[in-house]
Amino acid sequence: MTNITMVQALNLALRQEMEKDDGIILLGEDVGVDGGVFRVTEGLIEKFGEQRVLDTPLAESGIVGMSIGMAAYGLRPVCEIQFSGFSYLSFHQIESHASRLRWRSQGRFHVPMVVRTPYGGGVRALEHHSESREAFYAHMPGLKMVIPSGPRIARALLVSAIRDPDPVIFFEPKALYRAFREEVPDEEETCPLGKSRLVLEGEDLTMISYGAMMRPSLDAASELKDKDGIRVEVIDLVTISPLDDELFVQSVKKTGRAMVIHEAPRSFGPGAEIVSRLVEKAFFYLEVPISRVTGFDILIPLFSRENYYLPNVQRIVRSARQLLKT
Amino acid sequence: MTNITMVQALNLALRQEMEKDDGIILLGEDVGVDGGVFRVTEGLIEKFGEQRVLDTPLAESGIVGMSIGMAAYGLRPVCEIQFSGFSYLSFHQIESHASRLRWRSQGRFHVPMVVRTPYGGGVRALEHHSESREAFYAHMPGLKMVIPSGPRIARALLVSAIRDPDPVIFFEPKALYRAFREEVPDEEETCPLGKSRLVLEGEDLTMISYGAMMRPSLDAASELKDKDGIRVEVIDLVTISPLDDELFVQSVKKTGRAMVIHEAPRSFGPGAEIVSRLVEKAFFYLEVPISRVTGFDILIPLFSRENYYLPNVQRIVRSARQLLKT
Amino acid sequence: MPRNKINISDEIEHLSVLNEKGQLDKDLEPEISETLLLNIHRTMLLGRRFDERLLNLQRQGRIGTFAPITGQEAAQLGAVAVLRSSDWMVPSFRETAAEIWRGRTMESLILYYSGFNEGGRIPDDMNNLPVCVPVATHLLHAVGLAWALGYRKKDDVVMTFFGDGATSEGDFHEGLNFAGVYRTPVIFVCQNNQWAISVPRSKQTRSQTLAQKALAYGIPGLQVDGNDLLAVYSAAKEAVERARSGGGPTLIECVTYRLMMHTTADDPKRYRKEEEVQEWVGRDPLPRFQKYLIENKKLLSKEKIDRLETEIKEEIQAAVERAEEQKSKLKEPLEMFDHVYAELPKNLKEQKAQLAGELSGNKKEDGHD
Amino acid sequence: MPRNKINISDEIEHLSVLNEKGQLDKDLEPEISETLLLNIHRTMLLGRRFDERLLNLQRQGRIGTFAPITGQEAAQLGAVAVLRSSDWMVPSFRETAAEIWRGRTMESLILYYSGFNEGGRIPDDMNNLPVCVPVATHLLHAVGLAWALGYRKKDDVVMTFFGDGATSEGDFHEGLNFAGVYRTPVIFVCQNNQWAISVPRSKQTRSQTLAQKALAYGIPGLQVDGNDLLAVYSAAKEAVERARSGGGPTLIECVTYRLMMHTTADDPKRYRKEEEVQEWVGRDPLPRFQKYLIENKKLLSKEKIDRLETEIKEEIQAAVERAEEQKSKLKEPLEMFDHVYAELPKNLKEQKAQLAGELSGNKKEDGHD
Ligand SMILES: Cc1ncc(C[n+]2csc(CCOP(=O)(O)OP(=O)(O)O)c2C)c(N)n1
Ligand SMILES: Cc1ncc(C[n+]2csc(CCOP(=O)(O)OP(=O)(O)O)c2C)c(N)n1
Ligand SMILES: [Mg+2]
Ligand SMILES: [Mg+2]
């Protein structure tokens with residue numbers, strides 16, 4: 001049991017899985033000698049050698065495409081795209097191949113690979129280093145899209161993603177990389193893909209979120225409890241796609257009020273699907289409209305203004321109070 | 001006034017606009033000598049010459065990236081991606097540049113370009129030739145995403161898209177290319193971007209759709225009228241993003257019942273945003289849950305089974321009847 | 001150092017063994033066993049006749065769009081004939097002959113072109129990746145496969161096919177560069193058939209040859225007469241041996257010609273002259289190779305070819321019939337939910353159930369139930 | 001034709017004029033006016049000092065991440081010095097000196113690195129595209145611009161910059177290929193600074209030089225000592241003249257070195273040896289060029305340089321102050337809705353109003369209203 005950051009937790013997952021399975025290969029820009037620009041792969045090239053940790057040329061389609069070939073052969077590549085804002089250079093490899101090879105070959109091949117990539121704002125970074133466009137990948141049949149919200153679950157989720165027989169895109173909330181520590185057991189932990197988690201029980205309102213937005217959501221929940229006596233139920237989606245709608249539907253049937261919180265732009269964002277599932281499966285339980293507290297439909301501004309773009313505790317609290325007023 | 005197909009209507013729009021503005025340049029694979037694999041650009045290289053109609057090398061990022069440079073200089077490139085299933089090779093150019101250059105340069109440059117691309121099923125085509133993933137492009141701030149539903153509007157919409165100061169991705173429902181003819185006036189017609197159209201008035205139920213799915217929606221509406229006496233209001237979105245929610249919100253406030261029909265996979269698809277807007281803006285008018293009649297969350301099957309994948313009249317009628325039962 | 005020429009170590013060569021007049025360069029003639037020569041010939045002929053039959057089926061509306069290979073048989077078979085069955089082939093979408101050589105059945109091809117996903121099924125014992133439609137994107141899969149072979153200490157190699165147009169895509173570049181950097185055992189076979197749909201080779205790139213693009217990656221590149229089976233075979237053999245012995249990748253440009261349409265949806269008369277086609281008919285790889293087998297190798301005769309033609313015709317007919325039979329058993333639409341994931345997630349279970357409901361509803365409405 | 005070497009017409013050369021010891025090859029010395037020489041020198045020095053100041057501001061938390069250029073001043077300035085102001089420059093993200101040469105103010109750079117979109121504003125009379133972060137993707141914009149210039153019958157040219165790592169991206173390939181096919185007036189300047197973050201040039205590609213990648217596109221390629229201002233200038237001049245007179249694109253590989261970190265978020269000690277850095281310090285372009293101006297051209301002296309240093313220091317200080325002042329006026333967050341579209345669409349109007357409401361609500365809550 002150690003008290004570690006998310007970076008360390010992800011590193012632990014990789015290290016322990018690589019020890020168990022020599023089919024796991026890491027590849028990406030700067031993942032070797034440099035240990036990754038966020039140090040998630042630190043020390044792994046020293047431990048596992050250049051044959052298992054590949055510093056690749058600067059080419060995202062190359063990284064993902066090569067991983068697909070490795071995976072088709074039966075290896076378990078875990079590739080890194082340095083920032084999710086550059087994953088679009090490999091978009092066609094993910095859409096047209098990673099998520100289709102099982103289907104195209106009718107089961108002869110499958111693609112047990114993981115694409116790890118940091119996403120989201122809050123680290124005062126340059127353009128293309130702060131976006132949150134998980135919706136692109138959530139709308140790709142054949143692919144799984146997951147996002148952890150803290151060190152412990154990050155470690156467990158990465159282990160499960162690596163072992164999953166299908167391709168998984170693993171968005172890492174970079175704002176959380178070193179934001180806080182959690183106790184993470186030395187022993188193996190897994191986290192089933194396709195299952196969301198109840199993080200806080202409550203009766204009055206359901207907040208549905210994931211990734212870096214779990215923190216402000218939980219903070220907002222506790223402020224609402226303290227100041228307004230409102231008991232919020234908070235759900236961490238963990239897997240964005242295929243979406244687990246059971247838990248949140250059940251919750252909203254109980255609370256009658258729901259909010260979705262994400263930093264992605266609102267329109268055509270992940271929240272829209274959650275709203276739609278609630279409409280489809282809990283419509284007659286809804287007492288008020290579901291509210292979306294999200295990024296705006298603009299490009300996330302450079303860092304001096306990003307805090308106005310990103311949902312924060314205040315915005316969530318305000319929206320929650322409104323829901324309870326009506 | 002001539003009675004023409006959508007292919008001819010698009011060709012007319014290009015021809016007439018190119019006559020008026022020598023800044024309009026067509027480029028893409030096979031758009032010149034061959035006239036485009038669907039013949040949308042037929043005859044244009046003969047009329048306007050090789051300097052205005054460029055048969056490019058086989059490289060989608062090249063086509064879009066080069067168009068961005070042309071547009072930054074003030075030309076109005078209209079590029080073609082042969083099938084939307086190959087647009088992913090230029091995804092990063094669209095996301096990271098076409099939709100951002102105005103913003104990045106703070107208004108010094110803008111990108112008045114159009115990316116035309118055929119999308120959707122129903123033409124018995126090979127893999128990657130039948131998808132409908134407009135949601136990807138609808139979730140890109142800075143970009144406009146439009147889809148015509150018939151020859152006349154296709155012509156007007158393309159004219160407006162070409163004249164628009166912002167980048168527009170123009171999805172052409174290939175199933176409609178030659179499916180039917182419409183009277184199209186010789187004189188100029190435009191169609192404002194960002195406005196949806198009321199196609200059929202009704203009182204009982206609102207159908208919201210676009211593109212190739214407008215036909216089965218209208219057919220379903222007429223079947224419902226004839227057989228069940230249900231008066232359906234039908235709205236053609238025309239612009240998917242930025243989404244015009246005024247018309248459909250107003251309509252649903254009247255009818256209390258809504259259906260969204262699209263061939264894209266359901267989860268995280270365009271329908272989800274429409275449902276969310278209705279929840280946000282017409283919640284208390286909704287009598288029943290909004291229903292989504294869409295493609296399934298799978299890869300569209302090869303053509304022998306695609307008709308089971310695509311929403312059809314029967315599926316729409318059945319779903320409408322259910323909405324009216326509850 | 002002032003203005004100095006840099007010596008680029010690699011040279012780009014052109015290889016021809018059996019020229020278009022059927023003249024043989026004895027010094028360069030590869031050693032190929034009689035059985036192999038006859039097998040290659042048989043598959044060339046089969047590929048040609050199967051193309052004709054597919055075209056015929058397509059025109060009757062019995063199959064959908066497909067991409068003919070006529071004219072490119074030598075480029076494909078000369079290359080794959082060098083492979084062992086444990087080696088890997090990563091095709092593009094115009095490798096019918098190569099796929100058949102590697103064990104793909106004609107009925108699975110017919111099924112595929114009839115719009116049945118089942119036609120894409122790759123048998124467990126065949127080391128091919130499935131057909132890849134997005135141009136050039138599969139080159140990277142070939143590199144990844146080849147890397148995995150090296151990692152697993154196999155001495156198998158990977159051969160991948162693509163067209164002249166494919167060399168313009170970014171993935172071509174990234175694929176060859178990765179292969180060079182990691183020295184993976186992969187043979188890049190470019191079937192330069194002069195056209196990418198309507199775009200001629202000359203408009204695809206200003207480089208004099210496609211083979212010289214290898215220089216950008218520090219790997220060997222070679223141009224061969226792609227209608228000369230012996231030249232293709234020799235080049236492929238050299239490249240495969242190099243790859244197998246750890247020497248890394250090679251780019252082979254096979255100069256050939258697509259004698260028919262791009263696909264059945266295409267009309268080549270729109271963009272190319274009949275004279276050009278006729279010129280290339282004169283370079284047809286099939287009669288050239290037959291002449292070699294008859295005159296130089298004394299392995300074939302007019303009569304033997306006629307018997308072979310009959311045999312092949314029957315074989316094709318049998319495959320067409322098997323495919324029809326299989327199709328009639330494959331009407332079940334619910335199978336479209338299969339193979340998206342290892343296990344059906346909840347949303348797909350729900351949607352599959354919805355469709356199942358619809359289907360039984362339909363049956364009821366149709367009075368079938 | 002049997003096994004024949006193909007003559008590839010283009011040759012790849014290496015150019016050096018003023019070597020690392022400061023020895024001049026008189027035959028190759030370009031003619032540059034005294035004013036131009038002194039201007040170039042001033043901007044080199046300014047670029048160097050500005051880098052130092054930015055680093056200092058970054059370490060104090062007054063600006064965010066930025067990419068230093070120290071060591072690459074000659075590669076940048078030798079190239080852009082050849083351009084007219086009506087020509088175009090398409091930068092990557094490490095061209096501070098070149099941008100300043102082309103008219104970008106230091107305060108706009110500071111603003112940009114302070115996370116203000118306003119810092120990215122390109123004045124109407126400056127023909128630069130904005131900084132491009134996604135590696136290699138801007139090469140295609142350069143080609144499109146250059147095509148447009150040709151279409152509009154201008155004799156302006158486009159110069160674009162990128163790194164050694166960028167040559168691995170697919171967009172590099174597509175960009176150079178399109179430029180070759182359309183013979184657009186574009187000069188591709190590769191600043192091969194030996195590292196792409198932690199990945200050395202040798203792992204980026206197996207090709208011996210980056211310049212030879214030009215052979216894949218049938219365009220001229222040239223390698224120059226990128227720390228030799230005179231060599232870079234000569235190469236750029238030749239390329240610009242060719243482009244201007246309709247001769248099409250050129251690839252220039254400037255062999256240089258990044259003496260500092262990749263960006264301020266990077267720690268180069270993790271991946272490279274101090275000895276290597278020191279070796280390149282010995283090849284520093286700035287003292288080398290200064291020696292040339294002092295000894296060969298008699299245009300400069302120790303004292304003049306000292307005066308210049310003081311002047312530049314003040315200039316930078318003034319820019320920093322102007323930037324601080326501007327920043328204090330730019331706190332308004334509602335501006336983040338600007339410049340997404342020509343006109344605010346309805347959803348953005350609603351969202352902007354929402355934020356405006358929040359902001360005034362906050363003020364109320366904070367008792368400010
Ligand atoms: C990425 C991508 N873009 C466009 C297409 C449409 N398309 C199919 S084949 C083809 C031409 C291919 O030319 P070439 O590479 O020379 O191969 P050939 O067809 O001649 O065998 C095009 C443009 C595609 N399949 N994939
Ligand atoms: C497409 C893309 N992938 C990854 C990155 C992250 N990144 C920024 S700079 C860089 C290395 C660039 O190396 P090089 O092209 O040699 O330029 P240099 O930084 O040395 O000037 C990387 C990997 C990026 N900005 N864009
Ligand atoms: Mg071809
Ligand atoms: Mg570099």
Side-chain angles (χ1 to χ4, degrees), chain A residues 60-61 85-96 99-100 103-104 127-128 131 133-142 145 240-243 260 264-284 286 288-292 296-301, chain B residues 60-61 85-96 99-100 103-104 127-128 131 133-142 145 240-243 260 264-284 286 288-292 296-301:
Chain A
E60 286 73 16
S61 180
F86 307 129
S87 66
Y88 313 136
L89 287 91
S90 56
F91 203 75
H92 60 289
Q93 287 290 349
I94 300 174
E95 196 282 335
S96 306
S99 56
R100 285 172 182 258
W103 174 83
R104 187 182 297 145
E127 197 192 342
H128 307 286
E131 9 284 304
R133 300 281 182 91
E134 55 278 12
F136 291 153
Y137 297 105
H139 191 51
M140 281 190 192
M145 144 43 45
I240 311 304
S241 170
L243 184 65
V260 189
R266 181 172 315 156
S267 289
F268 303 92
E273 182 60 27
I274 293 151
V275 171
S276 300
R277 296 285 178 101
L278 285 170
V279 166
E280 281 156 6
K281 301 186 170 183
F283 181 77
F284 294 106
L286 287 171
V288 293
I290 304 149
S291 127
R292 292 188 286 175
F296 299 114
D297 289 341
I298 59 174
L299 299 156
I300 181 168
Chain B
E60 286 73 16
S61 180
F86 307 129
S87 65
Y88 313 136
L89 288 90
S90 57
F91 203 75
H92 60 289
Q93 287 290 349
I94 300 173
E95 195 283 334
S96 306
S99 57
R100 286 172 181 258
W103 174 83
R104 187 181 297 145
E127 198 193 341
H128 308 285
E131 10 283 304
R133 301 281 182 93
E134 54 278 13
F136 291 152
Y137 297 105
H139 191 51
M140 281 189 191
M145 141 57 28
I240 310 303
S241 171
L243 184 64
V260 189
R266 181 173 315 157
S267 289
F268 304 91
E273 181 60 28
I274 294 150
V275 170
S276 300
R277 297 283 178 102
L278 286 170
V279 166
E280 281 157 6
K281 303 186 170 185
F283 182 76
F284 294 104
L286 286 171
V288 292
I290 304 148
S291 125
R292 294 188 286 175
F296 300 113
D297 290 339
I298 59 174
L299 300 156
I300 181 169

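By convention in this document, chain letters (A, B, ...) are assigned in the order of the sequence lines, proteins followed by strands, and residues within each chain are numbered from 1. Computed from a predicted structure; not experimentally measured.
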Trainee: Applying salt bridge (Lys or Arg N to Asp or Glu O under 4.0 Å), name anything that partners B:Arg100, two or more places apart in sequence or on another chain.
Mentor: A:Glu127, A:Glu131, B:Glu95

Trainee: With sequence neighbours excluded, what pairs up with B:Ser99 under the side chain to side chain donor-acceptor pair (under 3.5 Å) test?
Mentor: none

Trainee: Please walk me through it: do A:Phe283 and B:Leu286 pass side-chain contact (heavy atoms from CB on, under 4.5 Å)?
Mentor: CA-CA 10 Å; A:Phe283 181 77; B:Leu286 286 171; 3.7 Å; yes

Trainee: For the residue pair B:Glu60 and A:His92, establish whether any side-chain heavy-atom pair is separated by less than 4.5 Å.
Mentor: no

Trainee: If you count heavy-atom pairs within less than 4.5 Å of chain B, which of A:Gly271, A:Gly142, A:Pro270, A:Ser87 leads?
Mentor: A:Pro270

Trainee: For A:Ile240, is it the side chain, the backbone, both or neither that has a heavy atom under 4.5 Å from a heavy atom of chain B?
Mentor: both

Trainee: Identify the heavy atoms of A:Val288 and B:Phe284 that sit nearest to each other, and give their distance.
Mentor: CA-CZ, 4.3 Å

Trainee: Where do B:Ser96 and A:Gly85 come nearest, in terms of heavy atoms and distance?
Mentor: OG-O, 4.3 Å

Trainee: What is the minimum heavy-atom distance between A:Arg292 and B:Arg277, and which atoms define it?
Mentor: NH2-NE, 4.1 Å

Trainee: Kindly give the heavy-atom pair with the smallest separation between B:Glu273 and A:Gly269, and that separation in Å.
Mentor: OE1-N, 4.3 Å

Trainee: Pick from B:Ala135, B:Ala264, B:Ser90, B:Ser276: which one has the most heavy-atom pairs with chain A under 4.5 Å?
Mentor: B:Ser276

Trainee: For A:Phe136 and B:Phe136, take the angle between the two ring planes, folded into 0 to 90°, and tell me which bin it lands in: parallel under 30, tilted 30 to 60, perpendicular over 60.
Mentor: perpendicular

Trainee: Write down the atom of B:Ser241, the atom of A:Phe268, and the distance for their closest heavy-atom approach.
Mentor: CB-CE1, 4.0 Å

Trainee: Quick check for you: among B:Met140, B:Lys281, B:Arg133, which has the greatest number of heavy-atom pairs under 4.5 Å with chain A?
Mentor: B:Arg133

Trainee: So which of A:Pro301, A:Ser291, A:Ala138 has the largest heavy-atom pair count under 4.5 angstrom toward chain B?
Mentor: A:Ala138

Trainee: In Å and rounded to the nearest 0.5 Å, what is the CD to NE2 distance from B:Glu134 to A:His139?
Mentor: 6.5 Å

Trainee: Could you pull out the closest heavy-atom pair between B:Val279 and A:Val275, with the gap in Å?
Mentor: CG2-CG1, 3.9 Å

Trainee: Enter the distance from B:Ser61:OG to A:Tyr88:OH here, rounded to the nearest 0.5 Å.
Mentor: 15.0 Å

Trainee: Does any part of the side chain of A:Phe296, heavy atoms only, come nearer than 4.5 Å to the side chain of B:Pro141, both counted from C-beta?
Mentor: no

Trainee: In Å, rounded to the nearest 0.5 Å, how long is the span from OG of B:Ser267 to CD1 of A:Ile274?
Mentor: 10.5 Å

